[in-house]
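All values derive from a computational prediction rather than experimental measurement.
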Amino acid sequence: MKKNLGMALVEVLIGSAIISVGILAASLAYSTYVSYDFANQRNIQASYVLEEGLEVVTFFRDKSWSGNIAKLSTTTTYYLSWSGTDWATTTTPQYIDGVFLRSVVISDVNRDGTDRIATSGAYDPNTKLITATVAYFQGHGTTTKSISTYITNLYEN
């Protein structure tokens with residue numbers, strides 16, 4: 001009878017240890033998944049900010065190519081600012097929600113003899129390469145994403 005008295009206590013201790021390890025593993029996994037979720041949320045927001053940047057440049061094109069696109073320098077990095085009623089370009093960095101720094105670069109486009117876009121050839125004043133970039137702090141460093149597209153003087157305005 002005396003030999004079995006200590007076994008119940010050992011079984012309780014081992015059972016408690018196994019349950020504790022299980023709870024600790026579950027909480028660590030949950031914590032990891034939550035941190036991945038926040039990182040993914042930032043990436044999705046950055047994608048929307050990039051898309052909005054290209055949409056704003058398209059809006060500028062639709063409003064007036066000569067007044068908004070043609071006058072922009074191809075050697076300057078521009079930032080987009082919202083005044084509450086209208087978009088504008090500026091050379092002063094503009095942070096979105098205090099997190100995302102979006103910039104837009106306008107580049108000239110050349111066409112070869114077959115009228116295809118090429119690295120060299122005849123300058124095409126009615127086509128521009130637009131590159132939108134967003135930078136934001138994530139984890140232990142800065143993440144940068146870019147997207148590019150061509151726009152043309154569609155409305156000849």
Side-chain angles (χ1 to χ4, degrees), residues 18-157:
I18 290 171
I19 290 172
S20 297
V21 167
I23 291 172
L24 179 64
S27 67
L28 286 175
Y30 178 76
S31 174
T32 301
Y33 293 141
V34 167
S35 68
Y36 287 152
D37 181 52
F38 285 136
N40 192 40
Q41 181 180 5
R42 278 271 164 92
N43 290 333
I44 292 169
Q45 288 173 328
S47 297
Y48 286 138
V49 168
L50 280 174
E51 183 181 350
E52 181 184 50
L54 292 181
E55 291 294 329
V56 169
V57 174
T58 303
F59 168 74
F60 287 155
R61 184 235 12 225
D62 294 348
K63 195 172 177 183
S64 172
W65 178 273
S66 60
N68 293 320
I69 303 295
K71 71 176 188 169
L72 297 176
S73 171
T74 58
T75 60
T76 304
T77 299
Y78 293 99
Y79 303 94
L80 303 173
S81 65
W82 174 250
S83 67
T85 57
D86 202 9
W87 286 99
T89 56
T90 180
T91 55
T92 304
Q94 303 287 311
Y95 283 87
I96 299 150
D97 296 334
V99 177
F100 302 100
L101 178 62
R102 175 182 50 211
S103 61
V104 175
V105 175
I106 312 285
S107 302
D108 288 330
V109 172
N110 297 315
R111 296 197 179 263
D112 64 13
T114 60
D115 205 31
R116 293 185 181 156
I117 293 175
T119 55
S120 63
Y123 167 66
D124 182 358
N126 290 315
T127 306
K128 299 289 183 184
L129 173 64
I130 309 300
T131 303
T133 304
V134 65
Y136 55 100
F137 186 78
Q138 182 173 348
H140 300 289
T142 301
T143 300
T144 304
K145 296 183 179 287
S146 295
I147 188 170
S148 297
T149 190
Y150 292 97
I151 62 169
T152 61
N153 188 359
L154 187 63
Y155 301 113
E156 297 181 2
N157 57 0

I'd like to know if the side chain of [X] reaches the main chain of [Y], judged simply by a donor and an acceptor atom lying under 3.5 Å from each other, with no hydrogens or angles considered.
| X | Y | result |
| --- | --- | --- |
| Thr32 | Leu28 | yes |
| Asn68 | Phe60 | yes |
| Tyr78 | Ser73 | yes |

Are the side chains of [X] and [Y] in touch, meaning some heavy atoms are under 4.5 Å apart?
| X | Y | result |
| --- | --- | --- |
| Val104 | Leu80 | yes |
| Ser27 | Leu24 | yes |
| Asn43 | Gln138 | yes |
| Lys63 | Asp86 | yes |
| Glu52 | Arg102 | yes |
| Arg42 | Phe100 | yes |
| Asp62 | Tyr155 | yes |

For [X], I'd like to know if atom [atom1] has over 12 heavy atoms of other residues, nucleotides or ligands within 6.0 Å.
| X | atom1 | result |
| --- | --- | --- |
| Tyr95 | OH | no |
| Asp37 | CG | yes |
| Tyr123 | OH | yes |
| Glu156 | CD | no |

Closest heavy-atom pair and its distance - [X], [Y]:
| X | Y | result |
| --- | --- | --- |
| Trp65 | Asn157 | N-OD1, 3.0 Å |
| Ser148 | Leu129 | CB-CD1, 4.1 Å |
| Gly67 | Ser64 | N-OG, 2.9 Å |
| Tyr136 | Ala46 | CE2-CB, 3.3 Å |

With rounding to the nearest 0.5 Å, note down the distance linking OG1 in Thr152 to CG in Asp124.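 Going from the OG1 atom of Thr152 to the CG atom of Asp124 covers 8.5 Å.
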